[in-house]
Amino acid sequence: MAARGVEASTGGEISEESDERGSMWDLDQQLDQPMDEEAGRLRNMYKEKKFSAILLLQLSFQSLGVVYGDLGTSPLYVFYNTFPHGIKDPEDIIGALSLIIYSLTLIPLLKYVFVVCKANDNGLSCLFRHAKVNTIPNQHRTDEELTTYSRTTFHEQSFAAKTKRWLEKNPSRKNSLLILVLVGTCMVIGDGILTPAISVLSAAGGLRVNLPHINNGVVVVVAVVILVSLFSVQHYGTDKVGWLFAPVVFLWFLFIASIGMYNVWKHDPSVLKAFSPVYIYRYFKRGGQDRWTSLGGIMLSITGIEALFADLSHFPVSAVQIAFTVIVFPCLLLAYSGQAAYLRKYPHHVEDAFYRSIPKSVYWPMFVIATFAAIVASQATISATFSLIKQALAHGCFPRVKVVHTSRKFLGQIYVPDINWILMMLCIAVTAGFKNQNQIGNAYGTAVVIVMLVTTLLMMLIMILVWRCHWVLVLLFTLLSLVVECTYFSAVLFKVNQGGWVPLVIAAAFLIIMYVWHYGTLKRYEFEMHSKVSMAWILGLGPSLGLVRVPGIGLVYTELASGVPHIFSHFITNLPAIHSVVVFVCVKNLPVYTVPEEERFLVKRIGPKNFHMFRCVARYGYRDLHKKDDNFEKRLFESLFLFIRLESMMEGCSDSDDYSICGSQQQQPHREGNESRNLTTFDTFGSVESVMAPVGVTKRTSHTVSGSSQMSGGGDELEFINGCRDAGVVHIMGNTVIQARREARFYKRIAIDYVYAFLRKICRENSAIFNVPQESLLNVGQIFYV
């Protein structure tokens with residue numbers, strides 16, 4: 001069928017109607033006995049595996065390139081950004097080194113590696129499972145039965161339960177939490193721009209040390225060429241070259257540690273006294289605003305750790321902890337101590353402290369390794385940005401963009417073309433615009449400290465709701481983290497006009513895009529929920545739905561996991577025919593890392609059998625790969641056929657007209673009347689639900705089914721559906737256009753009529769996401785006013 005569009009306008013007040021209205025009841029099916037043992041086996045498949053000691057060491061080694069590349073390249077630019085105007089007092093070097101040592105100890109080591117890492121849920125989606133803080137209320141009880149859906153319950157009077165109720169009670173608190181998460185996400189996206197800029201520019205700056213005739217313009221050109229090359233090969237993915245990352249970064253850490261020990265031994269072993277925190281006190285006691293603002297440069301020593309959670313997909317927490325404590329942490333301490341020892345003797349070399357402290361015999365090998373390490377660090381940050389974009393996309397917080405999976409082995413290796421080129425252009429603009437490390441460092445520091453503050457606030461909620469820690473421990477962790485991070489934040493505020501404004505502008509732009517898109521998505525979902533079609537109206541139309549039923553299957557895509565969407569009534573009131581079989585398809589993203597393939601689809605019947613109407617809910621985690629349309633359609637029909645066969649088997653278990661099912665049952669009263677629900681549970685390769693008429697209606701409709709339908713069993717219905725499938729499958733998609741009312745406030749009109757409309761225009765269509773061929777696509781349009 002050719003692609004068509006049916007446009008209509010719906011406005012005014014929306015009446016809220018229930019999709020059930022007492023005319024349908026859930027039937028969760030169960031064969032013979034509960035399959036608790038099988039469900040437990042599936043659940044255990046997705047728990048974190050226990051690794052042997054050798055495998056754990058191998059994973060620790062591999063995590064160096066993916067997780068710690070950015071943090072490891074910080075020695076390239078820390079001391080120059082700490083003393084951009086030169087070193088006035090040699091004792092300041094000891095104070096700065098002491099600050100670096102304790103910054104690395106408090107933030108990366110204690111906070112992130114040993115606390116934040118334990119909150120690893122391959123993302124922070126665990127908050128959405130432990131509290132109903134998702135602003136789009138599309139959760140369903142069946143989602144909680146997934147083997148990968150873990151959640152703990154609270155005692156009613158516990159502090160966690162009170163916090164949960166406090167969060168869920170007021171929509172403004174949910175909205176505030178959403179904005180907080182979006183701010184952190186936008187700042188990490190800023191990291192994806194600033195990390196390649198400062199890392200590659202700092203590495204390329206080594207050319208000036210051994211080639212003094214080269215000016216800064218040549219260094220900038222070299223850095224831009226490297227950046228363009230880096231972003232241009234992103235579509236190949238990291239699968240083919242990823243094996244090089246860990247050896248390169250390991251070699252980098254080995255070299256900087258060795259050079260650090262050499263410089264301490266040769267120039268000034270007394271710098272080791274910086275391990276005493278008393279020199280931090282003496283550093284600030286000497287006074288002056290320069291020493292306080294130098295904290296902005298000190299903080300660059302911990303950059304890269306703030307995006308740690310985005311790189312934890314393929315490594316156990318213990319491997320990440322071992323890599324940091326055994327290799328990263330001691331090597332960084334030696335590297336910074338060596339530079340400090342060198343600067344005590346040559347304080348005027350602070351601008352190129354890293355390269356000038358390298359012995360001449362290993363200068364060029366070190367330059368090559370530094371350049372490759374900077375590229376690896378940039379690649380890790382870019383990959384983390386892609387990962388965050390995909391997660392935001394799954395939660396309805398980012399416009400639909402193309403996501404390409406570059407590896408068949410590793411699910412987390414993705415490429416987002418549109419974002420890649422945007423990052424490249426902004427990265428080149430920052431590099432060519434500032435032309436020096438200092439201003440880029442100021443911008444970088446601003447982004448990092450805001451991400452850390454957001455992480456602290458979110459960790460507070462995780463400790464309360466997920467870990468259920470005592471409030472004293474939560475308060476202690478939060479206060480200690482905020483004291484350190486707010487101190488750094490106060491320092492970077494002095495540098496807002498010296499480059500620190502860049503991440504704020506970038507984050508503001510992405511925040512507007514993400515929030516407006518989420519607002520439009522929420523309003524579209526609310527419209528679908530409030531304008532659902534009454535099942536009484538559907539049943540009143542009869543098996544023909546008041547139309548001619550033509551051979552074929554119509555897949556009606558909707559965002560609703562329950563009820564009949566408004567576009568269906570809009571469709572059948574504007575066109576004279578409908579397909580013999582109608583399947584309402586809902587593709588739903590859940591706050592879990594992955595949904596096992598055997599639990600991907602939920603299928604249930606809508607109305608009596610002779611209506612031939614079904615619902616299929618396809619559930620995905622935010623890391624799952626959306627298969628091509630052919631495979632998706634094949635799996636959908638396999639689940640539908642399995643449902644029909646099982647339903648037919650259960651019909652054979654009963655001789656009564658009440659459609660009772662063999663197996664354990666529970667009687668639950670219906671809240672809206674005196675009818676009761678026969679509720680059973682069913683576990684098999686897929687989760688299956690059946691929805692039938694209530695007991696009082698069953699007797700009436702069962703006679704109609706036997707009199708009007710020619711199918712005596714599941715086999716006949718399967719044959720009928722297969723025949724319809726051979727006749728053709730048409731994909732019916734809604735195209736809901738949102739417009740602001742005339743009386744709406746001006747900022748809402750700008751957000752909806754201009755920003756959201758522009759984003760919808762440039763983003764991918766749903767048909768492109770599901771790879772629907774145009775000849776099988778039918779668009780149903782409608783306008784909704786907010």
Side-chain angles (χ1 to χ4, degrees), residues 1-6 533 538 541-561 563-565 567-572 574-587 600-618 626-648 686 688-691 705 708-711 713-734 766-767 769-780:
M1 183 180 293
R4 302 173 57 187
V6 180
V533 179
I538 294 292
L541 295 176
S544 66
L545 298 178
L547 304 171
V548 177
R549 301 294 291 264
V550 297
I553 298 179
L555 300 180
V556 183
Y557 289 83
T558 175
E559 295 183 6
L560 298 179
V564 178
I567 62 166
F568 183 69
S569 65
H570 189 52
F571 176 81
I572 64 178
N574 284 274
L575 293 178
I578 189 66
H579 302 88
S580 298
V581 178
V582 176
V583 182
F584 297 101
V585 181
C586 172
V587 178
R600 176 81 66 213
F601 292 95
L602 285 174
V603 180
K604 68 179 181 180
R605 186 186 294 276
I606 299 179
K609 279 191 174 182
N610 56 347
F611 278 61
H612 309 315
M613 295 172 60
F614 304 88
R615 173 176 293 105
C616 178
V617 180
H626 288 245
K627 303 292 185 181
K628 296 292 184 182
D629 182 65
D630 293 340
N631 189 50
F632 175 83
E633 187 177 304
K634 178 183 176 183
R635 289 294 312 279
L636 187 150
F637 283 115
E638 286 176 353
S639 300
L640 178 61
F641 295 154
L642 174 63
F643 164 77
I644 293 173
R645 285 194 296 268
L646 293 170
E647 186 186 50
S648 177
V688 183
E689 287 187 38
S690 174
V691 178
V705 171
S708 61
S709 176
Q710 298 179 355
M711 293 178 296
D716 293 336
E717 188 172 16
L718 288 175
E719 184 178 350
F720 174 77
I721 293 178
N722 270 320
C724 293
R725 185 181 181 185
D726 294 336
V729 178
V730 176
H731 301 259
I732 304 171
M733 292 189 171
N766 277 324
S767 57
I769 295 176
F770 296 110
N771 299 283
V772 176
Q774 290 297 311
E775 61 272 12
S776 302
L777 174 64
L778 182 65
N779 278 318
V780 180

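From a predicted model like this one, the values you see are computed outputs, not experimental measurements.
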Quiz prompt | Atom of Phe568, atom of Val556 and distance for their closest heavy-atom approach | solution = CD1-CG2, 4.5 Å
Quiz item: Taking side chain as C-beta onward, heavy atoms only, is Leu642 less than 4.5 Å from Phe601?
Solution: no
Practice problem: Taking all non-hydrogen atoms of both residues into account, name the closest pair between Arg615 and Val564 and its distance. | Solution: NH2-N, 3.8 Å
Quiz item: Any side-chain heavy atom of Val582 sitting closer than 4.5 Å to one from His612?
Solution: no
Quiz prompt | Any side-chain heavy-atom pair of Cys724 and Pro551 under 4.5 Å | solution = no
Exercise. Would you please name every residue forming a side-chain contact (heavy atoms from CB on, under 4.5 Å) with Ala577, sequence neighbours left out?
Key: Val548, Val550
Quiz item: Hey, mind stepping through Arg725 and Phe720 against side-chain contact (heavy atoms from CB on, under 4.5 Å) and telling me if it holds?
Solution: CA-CA 9 Å; Arg725 185 181 181 185; Phe720 174 77; over 6 Å; no
Quiz item: Going by an N to O cut-off under 4.0 Å, is there a salt bridge joining Arg605 and Glu717?
Solution: yes
Practice problem: Find the distance between CD (Glu719) and CD1 (Ile644) and round it off to the nearest 0.5 Å. | Solution: 12.5 Å
Quiz item: Is the shortest heavy-atom distance from the side chain of Lys604 to the side chain of Leu602 under 4.5 Å?
Solution: no
Quiz prompt | Heavy-atom pair of closest approach, residues Arg549 and His579 | solution = NE-O, 2.8 Å
Quiz item: Between Ile553 and Val730, is any pair of side-chain heavy atoms under 4.5 Å apart?
Solution: no
Self-check item: Validation row: Leu555, Ile732 side chains within 4.5 angstrom (heavy atoms)
Solution: no
Exercise. Check whether any side-chain heavy atom of Phe641 lies under 4.5 Å from a side-chain heavy atom of Asn722, and answer yes or no.
Key: yes
Quiz prompt | Near-ring test Phe614/Phe584, centroid separation under 6.0 angstrom | solution = no
Quiz item: What distance separates Leu640 CG from Arg645 CZ, expressed to the nearest 0.5 Å?
Solution: 10.0 Å
Quiz item: Say you draw a straight line from CZ of Arg635 to SG of Cys616; how long is it, rounded to the nearest 0.5 Å?
Solution: 9.5 Å
